Protein chains: 4
Amino acid sequence: MTTPKKLTRAEQKALRPIQILDAAFEEFVRSGFSGTRVEDIAERVNVTKGTVYVYFETKEKLFEAMIHHFSVPFQELLETAEGLSGSATDRLLSILGLLYEQIAEDRTTRELTRLVISEGQRFPDLIDRHHDEFIAPIIAKVDGLILEGVASGEFRAIPVEFSDIVVAPILTTTVLRLIFDDRREPPPNKEAFLRAYFDLLLHGLLAKPH
Amino acid sequence: MTTPKKLTRAEQKALRPIQILDAAFEEFVRSGFSGTRVEDIAERVNVTKGTVYVYFETKEKLFEAMIHHFSVPFQELLETAEGLSGSATDRLLSILGLLYEQIAEDRTTRELTRLVISEGQRFPDLIDRHHDEFIAPIIAKVDGLILEGVASGEFRAIPVEFSDIVVAPILTTTVLRLIFDDRREPPPNKEAFLRAYFDLLLHGLLAKPH
Amino acid sequence: MTTPKKLTRAEQKALRPIQILDAAFEEFVRSGFSGTRVEDIAERVNVTKGTVYVYFETKEKLFEAMIHHFSVPFQELLETAEGLSGSATDRLLSILGLLYEQIAEDRTTRELTRLVISEGQRFPDLIDRHHDEFIAPIIAKVDGLILEGVASGEFRAIPVEFSDIVVAPILTTTVLRLIFDDRREPPPNKEAFLRAYFDLLLHGLLAKPH
Amino acid sequence: MTTPKKLTRAEQKALRPIQILDAAFEEFVRSGFSGTRVEDIAERVNVTKGTVYVYFETKEKLFEAMIHHFSVPFQELLETAEGLSGSATDRLLSILGLLYEQIAEDRTTRELTRLVISEGQRFPDLIDRHHDEFIAPIIAKVDGLILEGVASGEFRAIPVEFSDIVVAPILTTTVLRLIFDDRREPPPNKEAFLRAYFDLLLHGLLAKPH
DNA sequence: AATGAATGAGAGTTCATTCAT
DNA sequence: GATGAATGAACTCTCATTCAT
């Protein structure tokens with residue numbers, strides 16, 4: 001059952017930076033950049049703080065490397081989105097579903113969002129890069145789908161500001177879970193939430209057609 | 001003989017803690033709790049470190065006092081919401097408009113939101129209190145209005161999870177502005193945004209009635 | 001006999017930086033710049049190392065301030081030299097005597113010379129300043145006196161390179177005392193040394209006139 | 001089959017410690033004992049830290065070995081001095097010329113002098129040995145020649161303190177070059193300097209014979 | 001012989017907090 | 001009330017040294 005602990009030197013060496021990045025994620029999430037001690041990160045990996053500095057020059061560079069390391073999944077999401085087919089509605093809902101899973105339900109991305117909000121002022125380059133690589137392409141994708149749906153007559157003609165609004169329940173869920181964590185009752189299950197979200201998105205609140 | 005300064009000694013004395021709280025807000029917003037130095041706060045008020053400790057026992061207590069101090073405006077919002085009249089739709093949109101102004105457009109509330117997200121883990125009591133005093137009543141109010149509209153036939157029958165979704169564009173705008181600050185192009189003006197938001201909320205995305 | 005220890009706040013405050021500079025001198029002389037711990041300096045003054053940082057931003061700035069502080073006596077030497085009168089020979093010997101006292105016999109200047117030699121590479125600006133303020137004026141003074149003596153027929157016609165040579169026994173004595181400290185027998189007394197020095201300087205080594 | 005590298009393995013092996021000592025010299029000269037990192041020395045030889053410790057137990061022992069390694073040339077100087085012939089004046093000037101070349105003009109000896117001055121307190125045994133092996137014999141030699149010249153009537157009768165004074169221009173030139181390095185104009189060429197030095201040494205400063 | 005990952009004992013520096021004035 | 005000198009604990013980062021490979 002248990003994996004044997006014996007690793008070769010080479011394996012251990014390849015593993016170390018990943019272990020440190022994982023530990024850094026947990027500690028930075030727990031305490032923020034300033035509140036985290038390099039020694040706490042080291043202890044999580046059962047090494048001394050000197051070892052952390054073997055792999056990362058400074059605490060700041062470690063933070064940045066950690067953010068990059070955990071931003072990877074976004075890439076895959078964007079690629080998946082490209083392969084979708086079906087009506088504009090189908091594809092829009094598929095993407096929103098994927099985004100919900102990736103951003104709101106995945107703890108890693110959720111906490112990454114916390115760090116982006118809390119440490120963004122100290123690491124503006126990080127934020128810009130995050131925006132250019134992830135946010136902008138996603139927004140563009142959603143924008144494109146809406147325009148496509150409008151052009152095909154599937155959607156009502158709506159102004160571009162809609163993108164943020166369409167995506168809003170996903171980021172809102174993410175942020176509310178970040179704020180209330182375990183204190184509030186856990187959020188409704190994914191299916192129920194998405195059903196309500198999509199229903200409102202497609203049909204609106206009013207009982208009578210306009 | 002001498003012209004009195006603008007403030008009497010007593011007035012000055014009463015002002016000091018307020019000045020410190022204001023300065024604390026700016027510095028905590030800029031650098032977070034751990035990243036802020038008590039001395040930076042003091043310098044903003046042109047006093048020395050020691051003076052801050054005359055009014056606040058510790059940095060933590062100063063932070064908490066600052067949060068309470070700036071949380072006041074929510075009270076008024078809730079009271080205003082109570083006085084509304086009209087159809088459920090009218091009252092809902094009025095409340096959402098007020099919330100948008102209060103949360104997304106008001107810099108103070110916006111930055112307070114940042115602190116709630118970033119420092120919540122360190123100050124759980126603060127978050128609980130924030131939830132009980134502000135979030136819960138607002139959610140309850142929106143929930144109530146929706147149920148009322150459903151009961152009156154004004155709204156379609158929808159599950160309770162809708163509350164968060166209905167409010168989502170407001171929190172999302174807030175958070176996006178926190179993250180991208182000046183880097184992204186400024187958000188659309190209030191009227192255009194609210195028009196799009198309310199239009200989508202009431203009618204949904206689809207071109208054809210269901 | 002003993003001076004009472006009670007100092008007012010203001011006196012203590014004015015004294016502190018001087019005390020620290022004195023302590024810094026002793027420690028930097030003992031261990032060099034890199035080898036000296038700020039804490040050792042602090043302990044000499046019976047304060048904690050935090051206190052040192054109240055007065056000096058960094059160890060480097062403390063070092064530089066210390067060098068400046070102890071370079072003061074040179075100023076006085078130059079002023080004294082200006083006031084001399086008599087034949088070129090008289091004035092030259094007077095200056096050399098003063099230099100011997102100031103550089104070779106005064107422990108402070110001697111050790112300052114050690115620091116200039118050992119830490120000069122790390123603090124080139126300090127050395128340049130030291131050169132411009134002290135070495136260059138002294139050399140110029142000696143140069144001037146020699147040229148004057150040559151012009152008046154008091155001295156033989158000699159090339160300008162002589163300045164360094166004329167002063168050499170002073171710097172050499174300084175350096176030899178720095179190197180051998182207490183290990184070698186103490187140097188001859190001042191009078192005997194200067195007598196020999198001046199005799200050789202004025203008359204040369206040869207028994208027969210040229 | 002394969003062309004052998006320039007050095008056999010055995011040659012390479014014998015070379016390593018020499019390479020390390022050379023690199024150590026450069027780094028210790030640049031930064032002093034405390035300021036030098038073993039890793040910097042290793043990098044100069046294109047090996048890693050560990051390799052240095054294969055050959056030298058500690059940084060201190062490496063420093064001492066380096067000093068010994070570069071002190072060798074003095075031996076030859078002393079032997080050359082033994083072989084001189086001619087008048088006391090001729091032999092004295094020959095020795096002083098050799099000393100000038102060896103101490104003031106040779107970069108290695110010059111920088112070794114810097115280390116003797118700056119690190120002497122940390123390595124007193126080194127200094128004592130340096131004194132016994134190099135300084136004392138040279139001083140003795142110069143002393144002997146002067147006494148010889150006095151006995152033969154070639155030199156005036158002068159006290160023994162003269163030795164240091166006679167040699168002073170050499171050490172002074174050395175130290176001034178150490179201090180001012182490239183910042184000051186380069187020293188006069190050897191011939192001009194020695195001519196002036198010897199002229200003053202033999203005839204003194206005064207225009208009229210005594 | 002050579003490596004370089006890892007260590008651990010500091011070193012410089014910062015800063016919340018105290019308290020005599 | 002206000003000060004700011006002083007503290008001391010904690011933090012980031014360094015580096016001589018070790019040792020399994």
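Quick note: numbers below take in every heavy atom, side chains included, and nothing from hydrogens, waters or symmetry partners. Below, read A as the first sequence line, B as the second, and so on, with proteins coming before strands; counting in each chain starts at 1. Note that the coordinates shown come from a computational prediction; the quantities given were computed from them, not determined experimentally.
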Side chain to side chain contact (heavy atoms under 4.5 Å, CB included) against C:Arg30, all qualifying residues, sequence neighbours excluded: C:Glu27, C:Arg44
Taking ring-ring contact (aromatic ring centres under 6.0 Å, His included) as the definition, give me every residue that meets it alongside D:Phe33, ordered by chain and number, with sequence neighbours left out. D:Phe28, D:Phe63, D:Phe123
Between P of F:dT14 and NZ of D:Lys59, the distance in whole Å: 15 Å
For D:Arg114, give me all partners under salt bridge (charged side-chain N to carboxylate O under 4.0 Å, His left out), at least two apart in sequence or on another chain. D:Glu111
Listed partners of D:His130 passing ring-ring contact (aromatic ring centres under 6.0 Å, His included), at least two apart: D:Phe134
In this structure, which one of B:Val38, B:Thr36, B:Leu21, B:Ile67 forms a side-chain contact (heavy atoms from CB on, under 4.5 Å) with B:Leu62? B:Leu21
Between E:dA1, E:dT13, E:dA6, spot the one nearest the side chain of A:Tyr55, thanks. E:dA6
Going by atom type alone, with no hydrogens or angles, which donor-acceptor pairs under 3.5 Å involve a side-chain atom of residues 45-53 of chain A and a protein atom two or more places apart or on another chain?
from    : atom 1 : to      : atom 2 : distance (Å)
A:Thr51 : OG1    : A:Thr48 : O      : 3.4

Residues which pass side chain to side chain donor-acceptor pair (under 3.5 Å) with C:Gln19, listed by chain and number, not counting sequence neighbours: C:Arg16
Below 4.0 angstrom from OP1 or OP2 of F:dA5, is there any side-chain N or O of C:Thr51? no
Can you name the residues that form a salt bridge (charged side-chain N to carboxylate O under 4.0 Å, His left out) with B:Arg110, not counting sequence neighbours? none
Go ahead and write out DNA chain E as dot-bracket, 5' to 3': ( ) for pairs within the strand, [ ] for ones crossing earlier pairs, | when the partner sits on another strand, dots for unpaired; Watson-Crick or G-U wobble, both distances under 3.5 Å. .||||||||||||||||||||
Side-chain donor-acceptor pair present, A:Ser34, A:Arg122, cut-off under 3.5 Å: yes
Listed nucleotide nearest any side-chain atom of A:Thr58, set E:dA6, F:dT7, F:dC13: F:dC13
Taking only heavy atoms on the protein side, list every residue of residues 60-67 of chain D lying under 4.0 Å from any atom of DNA chain F, sorted numerically. none
Given atom CD of A:Gln19 and atom C1' of E:dA5, what is their separation to the nearest angstrom? 13 Å
Residues in salt bridge (charged side-chain N to carboxylate O under 4.0 Å, His left out) with C:Glu57, at least two apart? C:Lys61
What's the closest nucleotide to the D:Tyr53 side chain, out of E:dT7, F:dT3, F:dT18? F:dT18
In whole angstroms, the gap separating P of E:dA5 from CD1 of A:Ile20 amounts to 11 Å
Between P on F:dT18 and CZ on D:Phe56, what's the gap in Å once rounded to a whole number? 16 Å
Just to be sure I understand the geometry, which residues of residues 24-49 of chain A put a non-hydrogen atom under 4.0 Å away from DNA chain E? A:Val47, A:Thr48, A:Lys49
Let me know the distance between CD of D:Glu57 and P of F:dC19, rounded to the nearest Å. 13 Å
Please state how far atom CG in A:Leu15 lies from atom C1' in E:dA5, giving the value in whole angstrom units. 14 Å
Taken in chain and number order and not counting sequence neighbours, the residues that satisfy salt bridge (charged side-chain N to carboxylate O under 4.0 Å, His left out) with B:Glu26 are B:Arg107
